[in-house]
Engineer: 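Before I ask anything, here is the structure I am working with.
Just so it is clear, the structure is predicted and the values come from calculations on it, not from any experiment.
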Amino acid sequence: MEIRGTGPLIGKLKRNANLNDVKKVVQMNGSEMQRKMQRDSPVDTGFLKRSIQYSALDNGFTAKVSPTAHYAPYIIYGTRFMASQDFFRPNYFAQRQKFLNDLKRLMR
């Protein structure tokens with residue numbers, strides 16, 4: 001997830017909130033997205049579901065959630081022989097909106 005124009009946001013967050021609160025929001029949203037993706041991923045052997053990993057980067061200010069199974073893009077986008085079973089993008093866009101709302105609530 002990438003947010004542009006973060007200068008004013010960071011300034012207001014520094015004045016209104018502790019940066020540990022921001023880290024908690026990032027961690028919470030990252031783990032929620034991981035759970036949602038695992039819940040919605042198609043299960044045949046369970047390898048794809050178990051391959052969806054969450055990792056915290058940049059001292060907790062960045063959350064990375066990604067499937068590591070080599071065939072995950074084929075499931076997400078589909079092939080000419082198989083329809084898409086996208087478990088990634090719908091959850092990403094829903095979680096992105098929730099994340100932005102959480103940050104706005106922190107700024108108040």
Side-chain angles (χ1 to χ4, degrees):
M1 181 179 325
E2 180 180 337
I3 301 174
R4 294 189 182 113
T6 58
L9 172 67
I10 290 173
K12 186 137 183 161
L13 283 172
K14 283 183 181 178
R15 287 190 303 273
N16 293 347
N18 186 353
L19 290 180
N20 288 329
D21 295 337
V22 176
K23 289 180 183 181
K24 288 178 187 176
V25 167
V26 170
Q27 179 185 11
M28 181 186 64
N29 280 282
S31 61
E32 278 183 24
M33 190 163 77
Q34 178 193 19
R35 279 195 308 275
K36 289 177 183 179
M37 290 170 116
Q38 286 177 335
R39 183 192 64 218
D40 293 345
S41 66
V43 177
D44 187 23
T45 62
F47 181 73
L48 177 64
K49 186 179 212 172
R50 287 189 307 273
S51 79
I52 299 171
Q53 301 294 318
Y54 161 77
S55 58
L57 308 170
D58 298 331
N59 293 325
F61 288 105
T62 303
K64 179 181 176 184
V65 179
S66 61
T68 58
H70 70 280
Y71 59 86
Y74 301 116
I75 303 294
I76 294 170
Y77 298 110
T79 66
R80 65 181 177 160
F81 301 110
M82 178 183 83
S84 170
Q85 299 176 32
D86 192 2
F87 61 92
F88 189 84
R89 287 178 289 188
N91 289 314
Y92 166 75
F93 288 118
Q95 196 65 41
R96 181 177 72 172
Q97 188 59 45
K98 185 179 180 309
F99 175 68
L100 293 174
N101 289 338
D102 289 347
L103 284 181
K104 286 178 187 175
R105 189 177 65 237
L106 250 166
M107 286 178 42
R108 291 183 191 155

Engineer: Is it possible for you to say whether V26 and F61 belong to one hydrophobic cluster, with membership spreading through side-chain heavy-atom contacts below 4.5 Å?
Structural biologist: yes

Engineer: Determine which pairs satisfy salt bridge (Lys or Arg N to Asp or Glu O under 4.0 Å) with at least one residue from residues 81-90, sequence neighbours left out, and list them in order.
Structural biologist: D86-R89

Engineer: Please round to the nearest 0.5 Å and tell me the distance separating atom CE of M37 and atom OG of S51.
Structural biologist: 10.0 Å

Engineer: Determine which pairs satisfy salt bridge (Lys or Arg N to Asp or Glu O under 4.0 Å) with at least one residue from residues 48-74, sequence neighbours left out, and list them in order.
Structural biologist: none

Engineer: Grab the two heavy atoms, one from Y54 and one from A63, that are nearest each other, plus how far apart they are.
Structural biologist: CE1-CB, 3.6 Å

Engineer: Which residues pass the side chain to side chain contact (heavy atoms under 4.5 Å, CB included) test with D44, sequence neighbours left out?
Structural biologist: none

Engineer: Mind listing the closest non-hydrogen atom pair of S41 and I52 along with its distance?
Structural biologist: CB-CD1, 4.2 Å

Engineer: Of all heavy-atom pairs between T68 and Q53, which one has the smallest distance, and what is that distance?
Structural biologist: CG2-CG, 4.2 Å

Engineer: Under the rule for side chain to side chain donor-acceptor pair (under 3.5 Å), what residues qualify as partners of N101, not counting sequence neighbours?
Structural biologist: Q97

Engineer: Distance check, rounded to the nearest 0.5 Å: Y92 atom OH versus F87 atom CZ?
Structural biologist: 15.5 Å

Engineer: Would a 4.5 Å heavy-atom cut-off, applied to side chains only, mark K98 and M33 as touching?
Structural biologist: no

Engineer: Please report, to 0.1 Å, the donor-acceptor pairs under 3.5 Å made by any side chain of residues 69-82, with sequence neighbours excluded.
Structural biologist:
from	atom 1	to	atom 2	distance (Å)
Y71	OH	L48	N	3.4
T79	OG1	F81	N	3.2
T79	OG1	M82	N	3.1

Engineer: What residue pairs, at least two apart or across chains, pass side chain to side chain donor-acceptor pair (under 3.5 Å) with a residue in residues 27-40?
Structural biologist: N29-Q95, N29-D102, E32-Q95, K36-Q95, D40-N91

Engineer: Grouping I, L, V, M, F, W and Y whenever their side-chain heavy atoms are under 4.5 Å apart, do F93 and F88 come out in a common cluster?
Structural biologist: yes

